[in-house]
Amino acid sequence: MAFSVAGQENTCDANSSVYYVGEWYFLDSDHCTQCECTTEGSSCARTECTSLPTACIHVSHYPTDCCPRCENIGCEYRGEVYELGQNFQPSECEQCTCDSDGIARCLVADCAPPPCVNPVNTNGKCCPECPEGPNCYVDLTRSQVIPGVEPVWVDSCTKCRCHDSGDAGYWEGNHLATCSRVHNCTPEEASQKN
């Protein structure tokens with residue numbers, strides 16, 4: 001970079017070109033160095049590149065640019081990148097949106113406890129379902145399951161009923177039926193009388 005006096009004007013020689021005082025230019029050999037031609041000669045400074053946003057989903061680096069550019073900002077969620085404003089469903093139980101601030105905000109389904117003792121998780125559905133309908137266990141042995149719609153005679157002396165989902169405390173318990181026995185009855189006596 002030479003400084004010369006051509007006639008009465010001050011100029012700077014750089015990039016195989018002549019620049020006049022007050023002109024700005026980038027060095028051909030380093031696109032990150034910007035110079036100004038001054039009366040004292042070329043005054044140059046290197047441009048520091050700012051870091052790109054972490055959720056930048058399209059980076060461009062043009063040969064004539066010093067720094068890479070973020071062309072599009074999005075959200076990163078569990079290793080996947082989404083565009084701003086995009087709605088997405090990373091699992092059956094989540095609904096998410098890529099907000100304008102680059103943060104993915106998600107709502108997770110709050111499943112009610114299933115009204116049965118043998119719920120099934122179905123592909124494509126978030127909450128477990130009861131394909132056999134509501135049901136419950138007769139007692140703590142959990143060896144017998146009864147349907148939950150109507151009272152059921154589990155033997156000739158015992159009638160049981162599953163709680164409804166609205167009954168207080170049912171879901172906090174063990175999905176057990178409420179049973180009542182006929183007084184002074186044993187299943188053997190009842191079967192002999194029949």
Side-chain angles (χ1 to χ4, degrees), residues 49-61 68-194:
C49 297
T50 58
S51 61
L52 296 174
T54 55
C56 186
I57 59 176
H58 183 239
V59 177
S60 296
H61 199 167
R69 296 182 199 179
C70 182
E71 301 288 346
N72 198 355
I73 296 174
C75 300
E76 186 175 345
Y77 187 75
R78 293 185 186 157
E80 296 291 323
V81 179
Y82 301 93
E83 292 188 25
L84 292 181
Q86 183 178 354
N87 293 320
F88 57 97
Q89 190 173 2
S91 72
E92 288 88 356
C93 298
E94 297 171 284
Q95 288 288 340
C96 304
T97 301
C98 178
D99 282 349
S100 59
D101 58 3
I103 295 174
R105 289 189 171 72
C106 300
L107 296 173
V108 179
D110 188 14
C111 299
C116 61
V117 297
N118 50 356
V120 174
N121 288 315
T122 307
N123 278 345
K125 296 200 175 180
C126 176
C127 299
E129 297 177 326
C130 299
E132 297 172 16
N135 58 35
C136 65
Y137 294 113
V138 170
D139 57 30
L140 285 172
T141 64
R142 295 179 177 212
S143 58
Q144 187 177 0
V145 176
I146 61 170
V149 181
E150 298 291 328
V152 175
W153 287 96
V154 294
D155 61 37
S156 55
C157 298
T158 311
K159 189 177 191 179
C160 296
R161 178 182 79 84
C162 291
H163 292 268
D164 307 311
S165 58
D167 289 349
Y170 175 59
W171 299 118
E172 293 145 20
N174 297 311
H175 296 282
L176 295 178
T178 300
C179 298
S180 56
R181 290 184 59 84
V182 174
H183 292 296
N184 299 323
C185 177
T186 61
E188 296 79 25
E189 284 176 3
S191 61
Q192 288 172 358
K193 290 179 185 174
N194 290 340

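This chain uses plain numbering: 1 for the first residue, then up along the sequence. FYI, side chains are in, hydrogens and waters are out, and symmetry mates aren't considered; it's all heavy atoms of this structure.
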Undergrad: With a 6.0 Å cut-off (strictly less than), is the heavy-atom count around CG of Asp110, excluding the residue itself, greater than 12?
TA: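 Check fails, neighbour count at 12 or below.
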Undergrad: If you compare all heavy atoms of Leu176 against all heavy atoms of Leu140, which two are closest, and at what distance to 0.1 Å?
TA: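 Where Leu176 meets Leu140 most closely, the heavy atoms are CD1-CD2, 3.4 Å.
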Undergrad: Measure the spacing between CD of Glu80 and SG of Cys96 and express it to the nearest 0.5 Å.
TA: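 Glu80 atom CD to Cys96 atom SG measures 12.0 Å (nearest 0.5 Å).
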Undergrad: Would you say Cys127 and Cys93 have SG atoms less than 2.5 angstrom apart?
TA: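 Cysteines Cys127 and Cys93 do not qualify as a disulfide pair, their SG atoms being 2.5 Å or more apart.
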Undergrad: So, taking the atom named CD in Glu129 and the one named CG in Asn121, what distance separates them when rounded to the nearest 0.5 Å?
TA: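 Answer rounded to 0.5 Å: 9.0 Å.
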Undergrad: Please report the shortest heavy-atom distance between Pro131 and Asn118, naming the atom on each side.
TA: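 Between these two residues, the closest heavy atoms are CD-O, 4.5 Å.
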Undergrad: So, do Cys75 and Ile103 sit near enough that their side-chain heavy atoms are less than 4.5 Å apart?
TA: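 No, their side chains stay 4.5 Å or more apart.
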Undergrad: Carefully, step by step, assess Cys106 and Tyr77 under the rule side-chain contact (heavy atoms from CB on, under 4.5 Å).
TA: CA-CA 10 Å; Cys106 300; Tyr77 187 75; 3.7 Å; yes
Undergrad: Contact between Thr158 and Arg181 at the side-chain level, heavy atoms closer than 4.5 Å - yes or no?
TA: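 Contact flag for Thr158/Arg181 side chains = yes.
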Undergrad: Using modelled atom types only, decide if a donor and an acceptor are shared between the side chain of Asn135 and the backbone of Val117 within a distance under 3.5 Å.
TA: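 Confirmed, Asn135 side chain pairs with Val117 backbone.
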Undergrad: Mark yes when over 12 heavy atoms from residues, nucleotides or ligands other than Glu83 sit less than 6.0 Å from its CD; otherwise mark no.
TA: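 Check fails, neighbour count at 12 or below.
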Undergrad: Please check if atom CD in Glu71 has more than 12 non-hydrogen atoms from other residues, nucleotides or ligands closer than 6.0 Å.
TA: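 Counting other residues, nucleotides and ligands, CD of Glu71 exceeds 12 neighbours.
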Undergrad: Is there a side-chain contact between Cys160 and Val152 (heavy atoms, below 4.5 Å)?
TA: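 No. Closest side-chain heavy atoms not under 4.5 Å.
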Undergrad: Answer whether the closest heavy-atom distance between the side chains of Asp139 and Cys179 falls below 4.5 Å.
TA: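 No. Closest side-chain heavy atoms not under 4.5 Å.
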Undergrad: Which heavy atom of His175 sits nearest a heavy atom of Cys116, and at what distance?
TA: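 Shortest heavy-atom separation between His175 and Cys116 comes out as CE1-O, 4.0 Å.
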Undergrad: Supply the atom-to-atom distance Leu84 CG to Ser100 OG, rounded to the nearest 0.5 angstrom.
TA: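 Spacing of CG (Leu84) from OG (Ser100) equals 7.0 Å.
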Undergrad: Provide the closest heavy-atom pair for His58 versus Ser60 in the form atom of the first, atom of the second, distance.
TA: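 Between these two residues, the closest heavy atoms are CE1-OG, 3.6 Å.
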Undergrad: Rounded to the nearest 0.5 Å, what's the gap from SG on Cys136 to CD on Gln144? Could you check?
TA: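 Taking SG in Cys136 and CD in Gln144, the distance rounds to 10.0 Å.
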Undergrad: Between Pro90 and Glu94, what is the shortest heavy-atom contact and its length?
TA: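 So the minimum-distance heavy-atom pair works out to CG-OE1, 3.6 Å.
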Undergrad: Taking the SG atom of each, are Cys126 and Cys111 under 2.5 Å apart?
TA: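 Cysteines Cys126 and Cys111 do not qualify as a disulfide pair, their SG atoms being 2.5 Å or more apart.
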Undergrad: Check whether any side-chain heavy atom of Asp99 sits under 4.5 Å from a side-chain heavy atom of Thr97, and report yes or no.
TA: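 When only atoms from C-beta onward are counted, Thr97 and Asp99 do touch, with a gap below 4.5 Å.
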Undergrad: Return the minimal non-hydrogen interatomic distance between Pro68 and Val59, and the atom names on each side.
TA: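 Result for this residue pair: CB-CG1, 3.8 Å.
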